[in-house]
Amino acid sequence: MVATVIPAVFRRVNAAIARVVRSPLHPLLLVTIIVVRCEGRRSGRTYFVPVMCRPSGGEALHALTSARALWWRNIASGAPATVYHRGREREARIDVVRGIDDPSEVERALASRGAVARTLVALPASESVLLRVWLSPEM
């Protein structure tokens with residue numbers, strides 16, 4: 001029963017967060033969350049996936065997810081993508097990095113971002129996927 005209830009709860013929570021990030025209410029979220037818009041590889045459906053991220057010190061944002069999650073496979077590394085950041089739709093390029101060699105890079109990517117981030121940082125590098133999101137300049 002837990003295996004069916006938890007995914008249903010996450011779908012609803014993710015949908016609510018995605019709506020808030022794409023709306024003028026985005027400042028209500030106390031963490032930096034972007035919403036990645038991607039199309040299903042097989043279904044062709046459009047998905048809006050909220051992802052916790054952190055500036056990397058350069059121009060990119062870093063986001064971390066579990067390799068067990070399937071949504072990131074819909075993103076072609078380096079291909080143009082659409083993300084919602086601070087209530088605005090932005091063009092971006094997302095680099096997908098599997099099996100991060102340097103665990104400190106993962107720790108820097110999402111340091112002190114709550115229990116979920118600490119759980120992801122605790123994953124072995126082989127089970128982590130780092131997304132580097134390069135936002136296009138605002139017009």
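In what follows, every heavy atom counts, from backbone to side chain, and hydrogens, waters and symmetry copies are set aside.
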Atom [atom1] in [X], atom [atom2] in [Y]: separation rounded to 0.5 Å?
X: Arg73; Y: Arg42; atom1: CZ; atom2: CZ; answer: 9.5 Å
X: Arg37; Y: Thr46; atom1: CZ; atom2: OG1; answer: 6.5 Å
X: His85; Y: Ile33; atom1: NE2; atom2: CD1; answer: 11.0 Å

field: Check: Arg41 main-chain N/O paired with Asn74 side-chain donor or acceptor under 3.5 Å
entry: yes
Side-chain (Arg22) to main-chain (Val35) donor-acceptor, under 3.5 angstrom: no
query: How would you list, by chain and number, every residue that makes a side chain to side chain donor-acceptor pair (under 3.5 Å) with Ser23, sequence neighbours excluded?
result: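 Side chain to side chain donor-acceptor pair (under 3.5 Å) check on Ser23 returns nothing, list empty.
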- prompt: Who passes side chain to side chain donor-acceptor pair (under 3.5 Å) against Arg86, sequence neighbours left out?
  reply: none
statement: Only one of Val129, Ile94, Val49 passes side-chain contact (heavy atoms from CB on, under 4.5 Å) with Ile75, and that residue is Ile94
Would you name the heavy atoms of [X] and [Y] that are closest together and state the gap between them?
X: Gly44; Y: Glu39; answer: O-OE1, 4.0 Å
X: Leu131; Y: Trp71; answer: CD1-CH2, 3.2 Å
X: Ala67; Y: Trp72; answer: O-NE1, 3.5 Å

- prompt: Tell me, do Arg90 and Thr82 make a side-chain contact under 4.5 Å, heavy atoms counted?
  reply: no
query: Mind checking whether Leu61 and Ile34 have side chains closer than 4.5 Å, heavy atoms only?
result: yes
side-chain contact (heavy atoms from CB on, under 4.5 Å) involving [X] - partner list, sequence neighbours excluded:
X: Ala92; result: Val83, Val133, Leu135
X: Arg45; result: Ser43, Tyr47
X: Ala79; result: Ala76

